[in-house]
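Note that ligands are numbered from 1 as they come in the structure, with each ligand's atoms numbered from 1 the same way. For this chain, numbers begin at 1 and follow the sequence in order.
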Amino acid sequence: MTTKTNTTTAEQHDSMFDAVLARLDVAAKIYGLSDDVANILRNPQKQVKVSLPIMMDNGKVEVFEGFRTVHSTVLGPSKGGIRYAMDVNDDEVKALSAWMTFKCAVANLPYGGAKGGIKCDPRKMSVGELERLTKAYTTAMADVFGPSRDIPAPDMGTSGREMAWLVDAYNKVHRGNFPGVTTGKPVGMGGSLGRDAATGRGVMVSTLAALKKMNLDPKTVTCAVQGFGNVGSHAARLLNEQGMVICAIGDHTTTLWNEKGIDIQAALRYVKENGNVLKGFTGGVEIKPHELLTAKVDVLVPAALQNVITGEIALDIKAKLIVEGANGPTTPEADAILQEKGIVVVPDILANGGGVTVSYFEWVQNNYGYYWSEEEVNAKHDACMSNAFEHVWNNGKQYKTTMRIGAYITALMKVEFGIKAKGIY
Ligand code: NAD
């Protein structure tokens with residue numbers, strides 16, 4: 001899908017939210033979205049910022065900033081992860097919340113979009129400090145969150161552990177048992193089997209679907225994966241299990257290349273035993289981080305950070321297919337270049353939708369109080385992701401545009417329907 005009919009803007013976007021709006025504007029124009037609906041979507045429904053004084057282990061009080069933005073509840077309760085990182089800010093949370101609206105709509109889930117975060121460095125905090133921070137944040141957001149209002153999940157820097165703390169704090173404020181207030185909980189306290197690997201699994205399903213459209217056999221395909229956390233490690237493992245040779249992997253500590261293929265099982269064992277980092281793993285030669293993105297491979301999976309595929313990097317990319325495991329890894333400037341070069345990009349709001357899809361299954365199971373087997377979860381997940389891929393691919397073709405704009409159009413159709421059906425007063 002490489003027509004040049006609808007290139008995205010070539011302006012610079014310092015703001016992540018502006019980058020979302022740039023894509024929204026392009027999709028809205030191609031699809032013919034009404035200005036009224038476009039205006040609604042350009043403005044998040046609710047933005048909350050809190051300050052969280054925490055007693056640190058050394059007896060000193062530190063004050064942290066916490067954020068939650070609800071972008072839309074048109075299609076259902078808002079859904080979106082909570083990120084712990086030093087660069088969390090209003091703009092980023094706003095952008096990620098809008099992406100969640102579009103992602104949930106693309107995946108055909110009865111959810112709106114939200115995102116939250118705390119500006120902190122979780123790697124430098126003790127378990128006790130993180131628990132107090134998570135519970136203080138939840139207490140401050142107790143009227144924002146709710147199983148039928150706004151449902152968080154893990155994101156960068158958070159995991160099932162934080163979600164269990166969140167449920168505990170929420171239950172204490174609201175005096176009840178509300179497992180459906182968040183997803184991504186540990187299995188055994190309301191978590192779903194299959195959730196941990198779900199985002200990586202969705203990347204795998206999207207990659208296989210794209211390769212099929214491109215007439216490429218996964219068993220003859222090479223791949224580079226940036227990020228070896230939740231998304232990247234599961235994506236690398238699952239793609240490898242499908243026969244793909246993973247030639248490059250990397251995290252914030254090291255980036256490795258092996259032409260013959262990195263032993264992903266050995267890398268997984270290594271990170272498990274070495275504080276979740278690749279540093280010191282000897283399964284490949286060390287390369288510079290940007291060399292992973294421009295490596296001579298067929299498929300590139302950015303699964304770490306946003307804005308890593310810049311215009312400059314895009315000019316040098318050799319992969320035929322990019323599958324966005326991370327949120328927002330490609331800048332709008334790079335989009336235009338990739339389109340020009342005929343590189344197929346499976347966009348974030350489709351490719352990493354596997355996580356929120358199984359989050360939805362977790363919430364359904366919590367509401368039922370009845371739990372499914374992992375096989376059942378995976379089968380339902382794969383069917384959802386395959387359907388979403390087909391819709392996006394077909395809309396891209398129909399509107400003679402990229403898969404990214406095709407994904408936005410897929411989402412806009414559903415959100416527009418919801419806004420019009422409910423009415424505006
Ligand atoms: P994570 O914290 O589990 O892992 C992040 C990984 O990125 C780690 O391996 C880390 O070392 C690496 N990283 C950090 N800085 C880096 C750098 N400068 N260069 C290379 N690697 C770097 O986070 P995650 O949950 O895997 O999320 C990764 C991305 O996927 C984020 O954009 C997130 O928003 C997105 N995402 C996550 C989920 C989910 O279910 N976890 C769902 C959808 C989207």
Quick test: of every protein heavy atom, which one is nearest to [atom], and how far off is it to 0.1 Å?
atom	answer
atom 25 (O) of ligand 1	N230 CB, 3.7 Å
atom 21 (N) of ligand 1	D251 C, 3.2 Å
atom 24 (P) of ligand 1	V231 CG2, 3.9 Å
atom 33 (C) of ligand 1	D155 OD1, 3.5 Å
atom 35 (C) of ligand 1	N327 ND2, 3.7 Å
atom 18 (N) of ligand 1	L305 CD1, 3.2 Å
atom 2 (O) of ligand 1	G157 N, 3.5 Å

* Asked: Can you name the residues that form a salt bridge (Lys or Arg N to Asp or Glu O under 4.0 Å) with K46, not counting sequence neighbours?
  ->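 K46 satisfies salt bridge (Lys or Arg N to Asp or Glu O under 4.0 Å) with no residue once adjacent residues are dropped.
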If you count the atoms of ligand 1 from 1 in the order shown, which ones are under 4.0 Å from a heavy atom of [X]?
X	value
G325	30 (O), 35 (C), 44 (C)
A303	28 (C)
M156	2 (O), 23 (O), 27 (O), 31 (C)
F228	9 (O)
A326	29 (C), 30 (O), 32 (O), 35 (C)
N352	43 (C), 44 (C)

Is the side chain of [X] donor-acceptor paired with the backbone N or O of [Y] at a distance under 3.5 Å, no angle test?
X	Y	value
N352	G325	yes
K318	T294	yes
D263	A266	yes
E291	K288	yes

Taking distance alone, with N or O pairs closer than 3.5 Å, would you say [X] contacts ligand 1?
X	answer
T199	yes
G229	yes
P154	no
K103	no

Side-chain donor-acceptor contact under 3.5 Å, [X] with [Y]:
X	Y	answer
T183	S359	yes
T73	Q45	yes
E162	Y84	no

* To do: Check S159 against ligand 1 and report side chain, backbone, both or neither, counting heavy atoms closer than 4.0 Å.
  =>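 Neither part.
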* Applying a 4.0 Å heavy-atom criterion (strictly less than), which segment of R83 is in contact with ligand 1: side chain, backbone, both, or neither? ->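 For R83, only side-chain atoms sit under 4.0 Å from ligand 1.
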* Asked: Out of A304, G184, P329, G353, whose heavy atom is nearest to atom 31 (C) of ligand 1?
  ->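 Selected option, by shortest heavy-atom distance: A304.
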* Of H290, H252, Q226, M100, which has the heavy atom at the shortest distance from atom 22 (C) of ligand 1? ->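 Of the listed residues, H252 has the closest heavy atom.
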* Asked: Should the pair Y270 and F281 be assigned to parallel (<30°), tilted (30 to 60°) or perpendicular (>60°) ring geometry?
  ->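 Judged by the thresholds at 30° and 60°, the geometry between Y270 and F281 is tilted.
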* Asked: Are any non-hydrogen side-chain atoms of M413 and F417 less than 4.5 angstrom apart?
  ->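 Not in contact.
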* Does the ring of F17 carry K94 above it, NZ/CZ under 6.0 angstrom from centre and within 45° of its axis? ->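 Judged by the rule (NZ or CZ under 6.0 Å from the ring centre, within 45° of its axis), K94 counts as positioned above F17.
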* Within 45° of the ring axis of W372 and under 6.0 Å from its six-membered ring centre, is that where the NZ or CZ of K380 lies? ->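 Because its charged atom sits under 6.0 Å from the ring centre and within 45° of the axis, K380 does stack over W372.
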* Asked: Out of curiosity, T101 OG1 to L96 CG, how far, rounded to the nearest 0.5 Å?
  ->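 One finds 11.0 Å between OG1 of T101 and CG of L96.
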